Each structure stands twice: as structure tokens, then as C-alpha cells.
There are 2 protein chains.
Amino acid sequence: MARMEDVRAILARNIKAARKRLNLSQEDLAARAEIDRTYVSGIERQVRNPTITVVAKFAEALETTTSDLLTG
Amino acid sequence: MARMEDVRAILARNIKAARKRLNLSQEDLAARAEIDRTYVSGIERQVRNPTITVVAKFAEALETTTSDLLTG
DNA sequence: GTGTGACTGCGAGTCCGTT
DNA sequence: AAACGGACTCGCAGTCACA
């Protein structure tokens, strides 16, 4: 059976892609989303496990949807 | 501009709908997802703010995707 | 079968810094 | 610009008794 990819990996990839599409640094994104910059770093490195409300903040800052950021 | 609906409300609605589509009780779903019965209740009542890994467990138990459960 | 309050442990999330 | 660490606060994960 197909193993599910970890949702944190999917999120990390999608956030990175959306961020670079907008030419934002992690710091820029952190400021936009009102999230700590070290936390943004941790999420992109998959060492953090954010809540859905935090993902929603990222989605807004990245001009996309929560659902899209979790699409694998 | 349109105000964003709370992501917890979206999740609650989608989980309820998917659960009823499969004719599962909260207890049934809890057993499938290996999550406490009362925790399922809390999420459907939006008094919990789950992490994305918890949502992924629900998705698997409900035969859908994390992304779908967060689609508004 | 579901809602709810209360509880503990640990991780979510922040703030300081260095490399 | 980003990875990484330490120390911190508070809220989430997970459970229980009871209505």
C-alpha cells in the first residue's frame, strides 16, 4: 500500500514554493504572517508541527488558501 | 473585502459531513483515527485547535485528504 | 452517542542570540 | 538571507468522570 507522505513535508514544500513565487525571504513572510521568523524556519525544515490556525495565517500572507498549502 | 471564515469552522463542518457520509458515530471515527472520543467531539464543536498531523489522522480515517478537510 | 470541565505533560510559538 | 540553539510562556495533545 502507498505510504502517505508526511503532511509537514507537503506543507514545507508548498510554503517554500509560494514564498519564492512572491520573492519573499523567510523574514518577509514572518512579518507578513505575524509569525516569529525562527518558527517559519522550523516549519520549512519540518521540525515543527503547526496548528491549522497558523497554517491559515501563512495562507493569507501567501495569498493562497489553507487547503492549497496542504495539497500534496 | 470578504472576511475569512475560521479554519476551525471549516474543518468541523467537513469532518462532520465526511463522517456522516460514512455513517460513522464520533466514537466510530475516534476508534478508526485512534483519537480519543472526547477529542473528536471537541474538534467538531470547534473548541480545539488541532495540529496538521491530527488533521491528517482524520483524513486517513475518513478516506479523504488533509487538504479536502480544510477546503471551505 | 455526545457534551463538558478539569487535569497533566509536552510541544506550539516567541524572543534572545550566534554561525 | 537562512540554520540553529537556549530559555521561556502558554496552549495543544491526550485522558477521565460525569451529565
Side-chain angles (χ1 to χ4, degrees), chain A residues 3-72, chain B residues 3-72:
Chain A
R3 275 263 309 289
M4 271 294 174
E5 185 182 6
D6 191 274
V7 279
R8 284 172 303 179
I10 296 173
L11 178 67
R13 186 188 333 119
N14 291 340
I15 285 183
K16 255 186 248 184
R19 177 170 70 77
K20 294 188 174 173
R21 201 174 301 127
L22 296 178
N23 283 304
L24 300 175
S25 66
Q26 288 182 353
E27 283 181 341
D28 294 334
L29 174 54
R32 276 206 194 197
E34 296 182 299
I35 289 172
D36 193 83
R37 67 178 171 80
T38 65
Y39 198 60
V40 173
S41 170
I43 287 177
E44 290 197 356
R45 285 179 292 120
Q46 308 172 39
V47 295
R48 294 289 190 160
N49 184 31
T51 57
I52 59 175
T53 54
V54 166
V55 178
K57 279 184 168 187
F58 275 108
E60 192 177 3
L62 291 168
E63 301 170 6
T64 180
T65 63
T66 306
S67 172
D68 268 1
L69 289 182
L70 291 169
T71 300
Chain B
R3 274 263 307 289
M4 271 297 172
E5 183 183 7
D6 187 17
V7 61
R8 283 172 304 181
I10 296 173
L11 178 67
R13 185 187 336 117
N14 289 341
I15 285 183
K16 258 186 245 183
R19 176 169 69 77
K20 293 188 176 174
R21 200 175 302 127
L22 296 177
N23 283 305
L24 300 174
S25 65
Q26 288 183 356
E27 284 182 338
D28 294 334
L29 173 55
R32 278 204 191 198
E34 296 182 302
I35 288 174
D36 192 85
R37 196 209 98 229
T38 64
Y39 194 64
V40 174
S41 170
I43 286 177
E44 288 198 357
R45 285 178 296 117
Q46 308 172 40
V47 295
R48 296 282 192 161
N49 185 31
T51 56
I52 59 176
T53 53
V54 168
V55 179
K57 277 187 170 186
F58 275 105
E60 191 176 5
L62 290 168
E63 301 170 7
T64 181
T65 62
T66 305
S67 172
D68 268 0
L69 288 182
L70 292 169
T71 300

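Only a predicted model underlies this, so the values are computations on that prediction, with no experimental measurement involved. Labels below follow one simple rule: chain letters A, B, ... track the order of the sequence lines, proteins then strands, and each chain is numbered from 1. Side chains are part of it too, since the values below use all heavy atoms of this structure and drop only hydrogens, waters and symmetry mates.
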Is the phosphate of [N], meaning OP1 or OP2, less than 4.0 Å from a side-chain N or O of [X]?
{"X": "R48(B)", "N": "dT4(C)", "answer": "no"}
{"X": "T38(A)", "N": "dG5(D)", "answer": "no"}
{"X": "S41(B)", "N": "dG3(C)", "answer": "yes"}
{"X": "N49(A)", "N": "dG11(C)", "answer": "no"}

Roughly, in whole Å, what's the span from [atom1] in [X] to [atom2] in [N]?
{"X": "D36(A)", "N": "dC10(D)", "atom1": "CG", "atom2": "P", "result": "16 Å"}
{"X": "E44(A)", "N": "dG13(C)", "atom1": "CD", "atom2": "C1'", "result": "16 Å"}
{"X": "R8(A)", "N": "dG13(C)", "atom1": "CZ", "atom2": "P", "result": "13 Å"}
{"X": "I35(B)", "N": "dG14(D)", "atom1": "CD1", "atom2": "C1'", "result": "10 Å"}
{"X": "Q26(B)", "N": "dT4(C)", "atom1": "CD", "atom2": "C1'", "result": "12 Å"}
{"X": "R37(B)", "N": "dA17(D)", "atom1": "CZ", "atom2": "C1'", "result": "11 Å"}
{"X": "I52(B)", "N": "dG13(C)", "atom1": "CD1", "atom2": "P", "result": "10 Å"}
{"X": "R45(A)", "N": "dG5(D)", "atom1": "CZ", "atom2": "C1'", "result": "10 Å"}

Is R21(B) close to T64(B) at the side-chain level, that is, under 4.5 Å between some pair of heavy atoms?
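In short, these two side chains do not touch, never coming nearer than 4.5 Å.
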Would you indicate whether the side-chain heavy atoms of V7(B) and V55(A) approach each other to under 4.5 Å?
no
Could you tell me whether V40(B) contacts a base, only the sugar-phosphate backbone, or nothing, with contacts defined as non-hydrogen atoms closer than 4.0 Å?
nothing
Once you apply a heavy-atom cut-off of 4.0 Å, does V47(B) come out as touching a base, just sugar-phosphate, or nothing?
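Counting heavy atoms under 4.0 Å across all strands, no contact is made by V47(B).
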